[in-house]
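What follows is one structure encoded as structure tokens, with my remarks underneath.
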Amino acid sequence: MQWETVIGLEVHLQLATKSKIFSGSATTFGAEANTQASAVDLAMPGMLPVLNEQAVRYAVMFGLGIGAKIGRRSVFDRKNYFYPDLPKGYQISQFSDPIVGEGSFEIQLEDGSSRTIGITRAHLEEDAGKSLHEDFHDQTGIDLNRAGTPLLEIVSEPDIRSAEEAVAYLKALHSLVTYLEISDGNMAEGSMRCDINISLRPAGSTTLGTRAEIKNVNSFRFVEKAIQYEIERQSDILEDGGQIVQETRLYDADRNETRSMRSKEVANDYRYFPEPDLLPIVLDEDYIEALREALPELPREKRERFITQYELSPYDAGVLSAHRALADYFETTASKAGDAKIAANWVQGELLGRLNRDELEISDCPVPAENLAQLIQRILDNSISGKIAKQVFDAMWSGEGDADSIIEARGLKQVSDSGALEAMVDSVIADNQAQVEQYLAADENKRKKLVGFFVGQVMKLSKGQANPQMVNQLLAKKLV
Amino acid sequence: MHKQTVAQLMRGLRDKQFSSQELTSSLLQRIEQLDGQYNSFLTVSKDQALAMAKAADAQLASGNAGPLTGIPIAHKDVFCTQGVRTSCASRMLDNFIPPYDATVVRQLNEAGTVMLGKTNMDEFAMGSSNESSYYGAVSNPWGSTLVPGGSSGGSAAAIAAGLTPAATGTDTGGSIRQPAAFCGITGLKPTYGRVSRLGMVAYASSLDQAGPMARSAEDCALLLNAMAGHDPLDSTSAARAVPDYCADLNRPLEGLRIGLPKEYFGDGLDSTTAACIESALKELEQQGATLVEVSLAHANLTIPTYYIVAPAEASTNLSRFDGVRYGHRCDAPSDLDDLYTRSREEGFGDEVKLRILVGTYALSAGYYEAYYRKAQQARRLIKDDFMNSFQQVDIIAGPTTPGPAFALGSKNNDPVSMYLEDIYTLAVNLAGLPAMSLPAGLVEGKPVGLQLIGQHFDESRLLNVAHRFQQATNWHNLTPDSITGADL
């Protein structure tokens with residue numbers, strides 16, 4: 001049978017506030033255990049939460065970024081369960097009245113098509129601490145540094161149909177939140193964690209199948225693999241006439257499989273009820289409008305602008321606008337170099353290629369946009385050829401300085417002195433009489449091909465530095 | 001000295017009749033000699049008290065003293081006190097020494113008061129008789145076989161016994177007013193949000209409110225001046241200016257309209273108590289107030305509503321006591337479930353367990369709509385009744401309790417009859433209103449409390465009416481020894 005995959009994603013996004021959502025403790029990643037946990041984070045008796053307004057602002061910015069309804073009055077609730085890394089015995093979250101309501105989101109697929117994914121809601125909540133099972137013989141250590149870190153839980157509609165779409169969705173989400181600067185989006189540090197709800201149904205069916213939930217997947221690649229594994233697992237069961245058990249599963253990256261964690265039948269009753277220690281968040285129009293006005297250009301708008309302003313292809317515009325820092329890099333290069341198309345080629349080709357090779361982020365790029373722009377200018381003003389430019393770029397990449405100083409130091413400047421070029425052309429013609437005769441005997445069409453040989457020889461003689469246009473002109477004059 | 005009000009002691013300190021150190025020492029001595037029979041203190045912080053008194057004397061000598069500088073007080077053991085054990089009268093926190101002060105404690109420290117120690121209470125403030133304390137019951141100075149009321153029973157008994165001129169209390173459903181009534185003292189539960197809850201161990205967050213307990217309305221006003229105010233660390237505290245609560249104490253009562261809820265004077269009210277209340281109301285009438293009958297039509301919903309809302313909140317507020325980070329931890333837990341189960345089973349007493357169970361049940365899937373949601377709706381109706389009444393009257397008056405203090409042990413096996421003790425006080429907390437209890441007579445030698453209920457943030461009016469009443473009557477000056485011959 002043909003099965004259709006139905007996927008909904010819940011993304012826990014860590015908001016980039018300096019302090020926690022309900023206390024003044026810092027949120028810096030990687031600090032020594034329990035050094036960023038205050039009396040509030042430890043749930044000491046009598047301690048009370050105070051809402052961090054920055055977290056509210058970030059949540060609203062996200063809502064505006066996906067065109068969602070903003071909850072004019074949203075409420076915090078207690079989600080009750082016992083766990084050692086949950087100091088209060090409840091998590092402060094939002095249940096019935098979230099801060100961000102329905103919205104939607106366009107994703108771009110590799111084949112150039114796009115799809116709209118619905119967002120059900122997004123709500124604010126606090127993160128739990130961490131239980132550390134290693135390093136403690138027969139015991140568990142608790143690190144509460146992360147407890148109280150602000151999270152925005154973003155829940156999608158079950159609109160996603162494949163692993164590819166899921167990854168495209170996450171990438172688009174990542175792009176949006178980093179554009180908004182509401183999260184660092186650092187998946188390796190857990191800033192974006194994903195729960196995958198996945199079920200299969202016969203193609204054409206409109207009812208949903210029984211789903212499994214895969215918890216806490218923290219990279220694009222693992223999301224893709226976990227979904228692929230789960231599709232196979234579920235379709236095997238269904239093909240054999242079996243039933244999918246509604247349960248929570250864990251993705252094991254080492255074995256590339258998902259494993260059952262607990263089934264929903266014994267799931268907790270969280271006993272949600274409104275948090276009496278916090279007032280509802282009431283937002284007025286002025287507040288929301290001010291944030292709307294202050295929104296930066298978002299990925300989709302930037303992509304469209306790149307297409308019209310720089311005449312880039314939709315694909316190129318998509319690549320260059322996916323990350324705000326990359327887009328900024330491209331725009332700086334383009335405006336300083338004075339040619340957007342060449343800038344786009346260089347950024348997408350040489351620059352991204354090397355970033356990938358060296359596993360660097362654009363923020364760690366050793367070549368500033370200004371230097372790449374200078375290099376492009378040297379191509380445009382015929383100081384160097386495109387081929388030489390790649391050598392210069394390599395030298396810039398390894399930190400030898402800017403384009404001009406490298407060209408100067410290595411003597412790479414293109415030879416455009418007609419006297420010197422003429423001598424080289426003469427010498428090539430003298431040394432290759434057989435080819436000259438062949439050339440002269442050939443018709444117009446063949447000559448066009450044969451002239452390349454002479455150009456190549458001159459370039460070789462000049463170590464690539466001869467101005468190819470002038471060489472062509474000289475050859476045309478001399479080969480008669 | 002030990003029978004004087006805070007206002008009188010203030011004058012004595014200022015006039016150098018005695019120093020704060022002398023006053024403090026004499027009270028510490030009284031506590032040491034007498035509290036064995038009352039059990040009103042759980043911790044006496046003698047060294048800190050003497051040090052604070054010394055600092056207060058220096059301040060008094062330098063002329064920089066505030067009104068309360070050098071005045072000894074006691075704190076209910078629900079308020080966290082830095083370096084001094086804060087137990088909530090529970091085995092769970094028997095070993096808990098907070099590294100911080102509650103905002104109320106800090107503010108009173110800053111005002112120069114001298115902390116004598118921490119007073120007994122019902123465990124986690126859950127109770128109406130102070131009998132649920134892990135450290136044993138408190139006996140009422142008006143009769144050794146009587147309960148002092150609860151949950152702030154230790155604070156009330158300590159004042160009545162002349163061990164401290166004033167104390168802090170907390171009131172979630174009557175826990176300041178009922179023991180004040182039973183012990184013949186004056187207590188004020190401020191408007192919800194008037195006083196910070198930070199550092200006060202939570203029982204029911206939407207109902208809890210700290211307030212002063214003392215010998216007179218004037219003393220309560222003096223203390224409230226230091227306690228009230230916005231706390232940026234308590235989101236539910238009101239960002240509202242604090243008036244001088246002493247400013248209007250003497251305002252005449254002419255034109256004051258006092259509402260008498262007919263539901264508070266019906267069946268269930270002890271007839272001799274009713275007579276005391278009626279004569280107290282006559283006094284107010286003589287001073288120019290008019291008495292108007294009002295109706296709190298949903299009064300019958302009060303107890304069921306309270307006993308859903310409060311346990312629901314309590315059940316999750318007390319989840320943090322899990323044996324993991326502080327407080328009681330069972331010996332040698334075999335696994336996580338064992339750690340939780342035994343730590344909590346051993347750490348909590350019966351009344352606390354009962355309320356956690358009730359609250360957990362009320363919030364459970366399938367019951368939430370029937371209980372918690374309904375209780376919230378009923379709470380709204382109860383509040384609306386008050387708001388409607390305040391269209392016609394300035395304050396509401398009635399009995400604090402259905403009768404005077406009952407005998408120790410008499411209601412222990414009957415939670416419902418115990419809960420009925422709070423029938424006139426609970427609604428005030430559900431509505432977030434300020435209310436007071438002040439002595440209004442004796443029934444068989446036992447004090448009776450008059451309850452005054454005000455509009456939101458109208459504490460000044462309540463204190464004014466109570467003060468005028470106390471200017472004209474002597475009930476608040478009675479002490480147990482003069483009536484019962486107790487050793488005071």
Side-chain angles (χ1 to χ4, degrees), chain A residues 21-24 34 37-53 75-93 95-96 129 131 133 138-144 147 267-282, chain B residues 78-80 86 88 92-93 96 98-103 124 193 196-202 204-208 231-237 309 312-313 315-327 336-337 339-341 344 359-368 372-373 376:
Chain A
I21 185 168
F22 300 123
S23 83
N34 296 309
S38 67
V40 173
D41 307 319
L42 264 69
M44 298 295 280
M47 288 296 113
L48 297 169
V50 177
L51 178 60
N52 182 339
E53 287 182 29
V75 175
F76 284 105
D77 295 280
R78 291 184 183 177
K79 179 180 180 180
N80 294 285
Y81 64 95
F82 282 97
Y83 206 70
D85 60 22
L86 186 74
K88 294 189 292 293
Y90 54 84
Q91 178 194 31
I92 304 178
S93 181
F95 186 54
S96 48
S131 296
H133 302 287
D138 275 351
Q139 287 185 306
T140 299
I142 307 292
D143 177 5
L144 294 176
N268 281 315
D269 173 2
Y270 291 119
R271 304 191 311 281
Y272 282 101
F273 83 109
E275 164 59 284
D277 287 333
L278 289 167
L279 304 177
I281 306 172
V282 178
Chain B
V78 76
F79 293 99
C80 288
T86 299
C88 282
M92 183 58 87
L93 291 179
F96 178 61
Y100 46 83
D101 279 324
T103 299
F124 283 105
S196 169
R197 292 187 296 116
L198 186 83
M200 197 175 112
V201 181
S205 309
S206 75
L207 303 166
D208 292 343
D231 183 351
L233 297 179
D234 173 3
S235 312
T236 63
S237 79
V309 173
E313 293 180 8
S315 71
T316 95
N317 280 335
L318 270 59
S319 292
R320 66 186 61 198
F321 304 109
D322 57 5
V324 174
R325 297 167 311 288
Y326 50 77
L336 185 58
D337 277 344
L339 169 71
Y340 286 151
T341 310
R344 289 167 67 80
T360 303
Y361 181 81
L363 292 176
S364 297
Y367 300 100
Y368 182 89
Y372 191 79
R373 174 92 68 206
Q376 291 298 1

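Bear in mind the structure is a predicted one, so any value in this text is a computation, not a measurement. Throughout, protein chains are lettered first and strands after them, A, B, ... in sequence-line order, and every chain is numbered starting at 1. All heavy atoms count here, side chains included; hydrogens, waters and symmetry mates do not.
Proximity to chain A (any heavy atom under 4.5 Å) is shown, for B:R197, by both the backbone and the side chain. With a threshold of 4.5 angstrom between heavy atoms, A:D277 approaches chain B through its backbone and through its side chain. Residue contact with chain B, scored on non-hydrogen atoms closer than 4.5 Å, involves the backbone of A:Y272 exclusively. Looking at B:F79, there are no atoms closer than 4.5 Å to chain A (heavy atoms on both sides), in backbone or side chain. If you measure heavy-atom distances from B:N317 to chain A, the contacts under 4.5 Å come from both the backbone and the side chain. Contacts between B:A365 and chain A at a heavy-atom distance below 4.5 Å involve backbone atoms as well as side-chain atoms. For chain A, the nearby part of B:P232 is the backbone; its heavy atoms alone come within less than 4.5 Å. Within the 4.5 angstrom heavy-atom criterion, only side-chain atoms of A:A39, from C-beta onward, approach chain B. Proximity to chain A is absent for every atom of B:L318, based on heavy atoms less than 4.5 angstrom apart. Residue contact with chain A, scored on non-hydrogen atoms closer than 4.5 Å, is absent for B:T86. No part of B:A362 comes within reach of chain A, as not one of its non-hydrogen atoms sits under 4.5 angstrom from that chain. Residue B:Y367 does not touch chain A at all, counting heavy-atom pairs closer than 4.5 Å.
Ring pair A:F82/B:Y340 is tilted by interplanar angle, where 30° to 60° counts as tilted. Note: B:F96 and B:Y326 have tilted aromatic rings, judged against thresholds of 30 and 60 degrees for the angle between ring planes. Between A:F273 and B:Y372, the ring planes lie perpendicular to each other; the angle is over 60°, past the 30° to 60° tilted range.
When the candidates A:M47, A:R271, A:E275 are compared by the number of heavy-atom contacts under 4.5 Å with chain B, A:R271 comes out ahead. Of the listed residues B:Q376, B:R373, B:R325, the one with more heavy-atom pairs under 4.5 angstrom with chain A than any other is B:R325. Looking only at heavy-atom pairs under 4.5 Å with chain A, the residue among B:T316, B:L93, B:L339 that has the most is B:T316. Per-residue counts of heavy-atom pairs under 4.5 Å with chain A were compared for B:A312, B:S364, B:G366; the largest is that of B:S364.
Using a distance-only test at 3.5 Å, with no hydrogens or angles considered, a donor-acceptor pair links the side chain of B:E313 to the main chain of B:S206. Judged by distance alone, the side chain of A:D143 and the main-chain N or O of A:N34 form a donor-acceptor pair under 3.5 Å. Without hydrogens or angle criteria, B:D234 side chain to B:S196 main chain gives no donor-acceptor distance under 3.5 Å.
Separation of the A:Y270 and A:F95 ring centroids does not fall under the 6.0 Å cut-off.
The two residues A:S23 and A:D41 make their nearest non-hydrogen contact at OG-OD1, 2.9 Å. Nearest heavy-atom pair across B:L363 and B:S315 is CD1-OG, 4.0 Å.
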Side chains of residues 84-92 of chain A: which donor-acceptor pairs under 3.5 Å do they make with residues two or more places apart or in other chains?
residue: A:D85; atom: OD2; partner: A:S131; partner atom: OG; Å: 3.2
residue: A:K88; atom: NZ; partner: A:E126; partner atom: OE1; Å: 3.1
residue: A:K88; atom: NZ; partner: A:E126; partner atom: OE2; Å: 2.8
residue: A:Y90; atom: OH; partner: A:R78; partner atom: NH2; Å: 3.3
residue: A:Y90; atom: OH; partner: B:R320; partner atom: NH2; Å: 3.2
residue: A:Q91; atom: NE2; partner: A:E126; partner atom: O; Å: 2.7

